[in-house]
Asks: 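Before I ask anything, here is the structure I am working with.
Sequence lines set the chain letters: A, B, ... in the order given, protein chains first and strands last, and positions in each chain run from 1. This one's a predicted model, so the numbers in the text were calculated from it and none came from an experiment.
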Number of protein chains: 4
Amino acid sequence: MCSRPTPRPAPRTGRPRSAEADEAILEATREVLVELGWSKLTMGDVAGRAGVAKTTLYRRWANKNELVVDAVAVLFDELELPDLGSLQADIEHVVLQFAALLERPETKTALMAVVAESTRDVPLRERIRASIVERQKRLVLDGRRRAQERGELPADRDPVSVDATDDLIFDVVAGAVVHRALVSAEPVDTAWVNRLSALLVGGLGAVAALG
Amino acid sequence: MCSRPTPRPAPRTGRPRSAEADEAILEATREVLVELGWSKLTMGDVAGRAGVAKTTLYRRWANKNELVVDAVAVLFDELELPDLGSLQADIEHVVLQFAALLERPETKTALMAVVAESTRDVPLRERIRASIVERQKRLVLDGRRRAQERGELPADRDPVSVDATDDLIFDVVAGAVVHRALVSAEPVDTAWVNRLSALLVGGLGAVAALG
Amino acid sequence: MCSRPTPRPAPRTGRPRSAEADEAILEATREVLVELGWSKLTMGDVAGRAGVAKTTLYRRWANKNELVVDAVAVLFDELELPDLGSLQADIEHVVLQFAALLERPETKTALMAVVAESTRDVPLRERIRASIVERQKRLVLDGRRRAQERGELPADRDPVSVDATDDLIFDVVAGAVVHRALVSAEPVDTAWVNRLSALLVGGLGAVAALG
Amino acid sequence: MCSRPTPRPAPRTGRPRSAEADEAILEATREVLVELGWSKLTMGDVAGRAGVAKTTLYRRWANKNELVVDAVAVLFDELELPDLGSLQADIEHVVLQFAALLERPETKTALMAVVAESTRDVPLRERIRASIVERQKRLVLDGRRRAQERGELPADRDPVSVDATDDLIFDVVAGAVVHRALVSAEPVDTAWVNRLSALLVGGLGAVAALG
DNA sequence: GGCTAATCGAGACGGTACGTCAAGTCTTGCT
DNA sequence: AGCAAGACTTGACGTACCGTCTCGATTAGCC
């Protein structure tokens, strides 16, 4: 999927924007994130590496945070959910994938930073939701649906309850992995992932019983 | 509990540092966090509000992040775990407390920011662990011990396994609440807390079965 | 004559430097010198009065001293040497002009200060020589040449000797006036100027006799 | 001759001031002037080298400039005027001595600086006059008196005129040497000194004729 | 093929905050 | 009282980025 800079009201005339510049900028942004981290990333530095003028950045993104969100969002689309035959196996697979993604320096440093900024910046929060969060809920939906098809989970009764549980699982899985990796700063290894998936699979029955 | 600025090798002579200044600075820091958030907090502003010179800040804290950690850490000590008679009730109580803490503007904006910075700053990471993370694990330990006394959970067999489970629960609870509140930006209300605690209590048996 | 900020290798691209800013800065510098003197002149204050950012100053001048030299140098170009008919009259005229210049607060406070700094700062010394000292030697040369034309002084024999005498006269006149005005802090009035010019005119014969 | 710090109203009680400290401070001041020059001399540095607290400095001198004047003034007392048999020889001797003094790094950097400051600081100007300028006029007086005794100069007629001429000679000699050494930054060598003394001796007759 | 209009690189611009440094004062306990 | 030590307030320093602006020079599409 393509990250899309600030949309603009389709000018019919004048020189069109360079598509190469777009990608060069996002690539340069990821490079700088890797080397310097979010807080030392500067627009001038990104522009320089991309071989582009600062003006060209600001014509596309309103500020550093929006640029970083776009640069990082595309990485999350690599996550996928192959059918491994059981709910627990599916969970363990995606958790390990997600942990590997969080280990990448460009994600590690950028994700928490933009979320922190988003607590005070509503447009940024929306951009994060649209570009990253909502887009990845598909993993939970697919996993749950597949488990129902296998008979591991009961079929839906109350759609509201199902949505609530999907959201819960999403927050628990994403939150736990992030917390383990970035706050506790402990490895997300097989042993830990085993325990987490056991907790989830074991607990889902109790949650379903709530109705 | 007292937040402690940069320790120093006990000078016997000279004018001692002002203890009032210490507290005035931390208080001013929390004020600015509330009003402006982390990214717009400036050392000069904090100094001004505390009625103190900028150099006095830098004599005690090496940078903005260490100052903010100390200013915020003390808030986490308000969390407590009264005995409500059941594991699930205890969990729900502390989760709601934690969610309320995360709703406070000074915590919301600061916590993620310093964690983000800590991905590139080892001393900062250590300070966060020591001042905030490790200190709150007591809640998990107490809750588990109490549940064992009540017979809700089996007595310890393998101490390694017990530690691993404690850590898991801590990451899951803290991570889920943070993700819900700050990333998903949805309310941590009674319904959600019910579901989360049901998931945990229901899953703990399965985790224990892993040995 | 124009005072010229730091020369630079003629960039063909980019926004050109504002010529208005140049003059506004030098003017503001002279203002601040008058009001506050050299030691209380700050770059921030100058920038503020010139309606310019501090960075704009530093882009043009490396430090306060170079700026002050440029701001003051232009004032010395007002000195001139009208032909008053005799060597002594010419000397008295230019000495009074120079004394009047030294009485101006912007010169009085700045000149000695930058010379003092120049004892430790070779580039500054060169700038002073080029912008101020060498430029004013013309007064001595013109005066001497004119006196020779009038027959008050013998024609040149040894050019080396002539140069040495020109230099001597320059140091004596400039040094004596500065010392009288700034160190002795006594007025450079007609009586004193009479005496000085009598000393010079009377002594020049003896110096010429040295060969 | 001793440089004398701020006089004070003879305290009858309490610990008396350390006399050793006085000299250590002035000595340290000269050291720092040699190594760092006036503009980089700091009170803290001087105090440190003198093995003294900053408070002790400020108890004796009101500020940096007064301290520097006192530290440097004593050096000027080394100048003396041995009888060399002729006015011109006497002049050349003292000029060379003075030039040697101005070559010393502590004098070179400090003298112009404090004079510059004194244009805005009346008490400082008075201190300079009292400690340095007036004290050295003795050289002119002695030289003139001796030349009169030898018959090189006519005996006094009008005492006012004599004073004016003494002052003129003082400003011319001191000013010319300072200007040559610090502004023109050319050596004060025998050839130059010859020329200067010839100018003075040759010109004095013309000045005397003014009455 | 010239016109129009938005793009491009470059770099100067007004700002804001940084973290440091020195000046001169104040506070403590010791002599 | 004087003194050493060192914390204190104040205020300027010179630097680094921010996001905007002005240049002259390219590109396109449209007439």
Side-chain angles (χ1 to χ4, degrees), chain A residues 8 11-18 20-21 39-48 50-64, chain B residues 8 11-18 20-21 39-45 47-48 51-64, chain C residues 8 11-18 20-21 39-48 50-64, chain D residues 11-18 21 39-48 50-64:
Chain A
R8 53 195 178 116
R12 307 209 152 276
T13 171
R15 177 172 173 177
R17 288 195 186 156
S18 157
E20 295 173 26
S39 65
K40 291 189 181 157
L41 176 149
T42 74
M43 298 299 260
D45 195 358
V46 170
V52 142
K54 259 198 305 174
T55 334
T56 304
L57 265 72
Y58 283 106
R59 210 173 281 121
R60 291 162 161 79
W61 291 276
N63 53 55
K64 166 168 156 173
Chain B
R8 56 195 175 116
R12 309 205 152 277
T13 78
R15 177 174 171 177
R17 288 197 185 158
S18 158
E20 293 173 28
S39 66
K40 290 188 183 158
L41 177 150
T42 73
M43 298 299 261
D45 196 358
V52 142
K54 249 198 311 175
T55 38
T56 301
L57 263 74
Y58 283 108
R59 205 172 287 120
R60 291 163 162 78
W61 290 278
N63 54 54
K64 166 168 156 172
Chain C
R8 54 193 179 119
R12 310 206 150 278
T13 77
R15 178 173 172 176
R17 289 196 185 160
S18 159
E20 293 173 26
S39 65
K40 289 187 183 159
L41 177 150
T42 74
M43 299 298 261
D45 195 358
V46 170
V52 143
K54 246 196 316 174
T55 38
T56 301
L57 264 73
Y58 284 108
R59 206 172 284 120
R60 290 163 160 79
W61 291 277
N63 53 54
K64 164 169 158 173
Chain D
R12 306 206 154 276
T13 169
R15 177 171 170 178
R17 288 193 187 162
S18 156
S39 66
K40 289 188 183 160
L41 175 149
T42 74
M43 297 300 261
D45 196 357
V46 170
V52 141
K54 263 200 298 176
T55 332
T56 304
L57 265 72
Y58 283 106
R59 209 172 282 120
R60 291 164 161 78
W61 290 275
N63 54 53
K64 168 168 156 172

Asks: Among the nucleotides E:dC26, F:dC8, E:dG11, which one has an atom lying closest to any side-chain atom of B:Arg59?
Replies: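 Nearest nucleotide to the side chain: F:dC8.
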Asks: Supply the atom-to-atom distance D:Asn63 CG to D:Met43 CE, rounded to the nearest 0.5 angstrom.
Replies: 7.0 Å
Asks: Which heavy atom of C:Arg59 sits nearest a heavy atom of C:Arg17, and at what distance?
Replies: O-NH2, 3.4 Å
Asks: To the nearest Å, how far apart are C:Asn63 CG and F:dG14 P?
Replies: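 From C:Asn63 CG to F:dG14 P: 7 Å.
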Asks: With the side chain of A:Tyr58 defined as its heavy atoms from C-beta on, choose the nearest nucleotide among E:dA12, E:dA23, F:dG19.
Replies: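 Among the listed nucleotides, the one closest to the side chain of A:Tyr58 is F:dG19.
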Asks: So what does B:Asp45 touch, heavy atoms closer than 4.0 Å: a base, only the sugar-phosphate, or nothing?
Replies: nothing
Asks: Looking at every strand, decide which applies to C:Leu57 at a 4.0 Å heavy-atom threshold: base, sugar-phosphate, or nothing.
Replies: nothing
Asks: Closest to the A:Thr55 side chain: E:dG11, F:dT9, F:dG14?
Replies: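 Within the option list, the nearest is E:dG11.
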Asks: If each of C:Gly14 and A:Lys40 is mapped to the nucleotide of DNA chain F with the nearest heavy atom, which maps nearer the 5' terminus, i.e. the 5' end?
Replies: A:Lys40
Asks: Let me know the distance between CH2 of B:Trp61 and P of E:dT20, rounded to the nearest Å.
Replies: 16 Å
Asks: Please pick, from E:dG11, F:dA5, E:dT27, the nucleotide with the shortest atom-to-atom distance to any side-chain atom of D:Ala53.
Replies: F:dA5
Asks: Hey, is the side chain of B:Lys54 pairing donor to acceptor with the base of E:dG19 inside 3.5 Å?
Replies: yes
Asks: Any donor-acceptor pair, under 3.5 Å, between the side chain of C:Arg15 and the base of F:dC21, if you only look at N and O atoms?
Replies: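 Such a pair is found, so the answer is yes.
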Asks: Side-chain N or O of D:Thr56 less than 4.0 angstrom from OP1 or OP2 on F:dA4?
Replies: yes
Asks: Let me spell it out: for each of C:Leu41 and A:Gly44, pick the nucleotide of DNA chain F with the closest heavy atom. Which residue's pick is nearer the 5' end?
Replies: C:Leu41
Asks: Using a heavy-atom cut-off of 4.0 Å across all strands, would you classify D:Lys64 as base, sugar-phosphate, or nothing?
Replies: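 Counting heavy atoms under 4.0 Å across all strands, the contact made by D:Lys64 is with sugar-phosphate only.
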Asks: Within the 4.0 Å heavy-atom criterion, would you say B:Ser18 contacts the bases, only the backbone, or no part of the nucleic acid?
Replies: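 Sugar-phosphate: the residue B:Ser18, judged by heavy atoms under 4.0 Å, touches backbone atoms but no base.
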Asks: How many whole angstroms separate atom CE of A:Met43 from atom P of E:dG15?
Replies: 21 Å
Asks: Counting heavy atoms from C-beta on, name the nucleotide in F:dG6, F:dC3, E:dT7 closest to the side chain of A:Arg17.
Replies: E:dT7
Asks: Which part of the nucleic acid does D:Gly48 contact within heavy-atom distance under 4.0 Å: base, sugar-phosphate only, or nothing?
Replies: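 No contact.
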Asks: Could you state the atom-to-atom distance from CD of A:Glu20 to P of E:dT7 in whole Å?
Replies: 17 Å
Asks: Any sub-3.5 Å donor-acceptor pair from D:Lys54's side-chain atoms to D:Ala47's backbone N or O?
Replies: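 No: the side chain of D:Lys54 does not pair with the backbone of D:Ala47.
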Asks: Take C:Gly51 and B:Thr42, find for each the nucleotide of DNA chain E with the closest heavy atom, and name the residue whose nucleotide sits nearer the 5' end.
Replies: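 Taking each residue's closest nucleotide, the earlier one in sequence belongs to C:Gly51.
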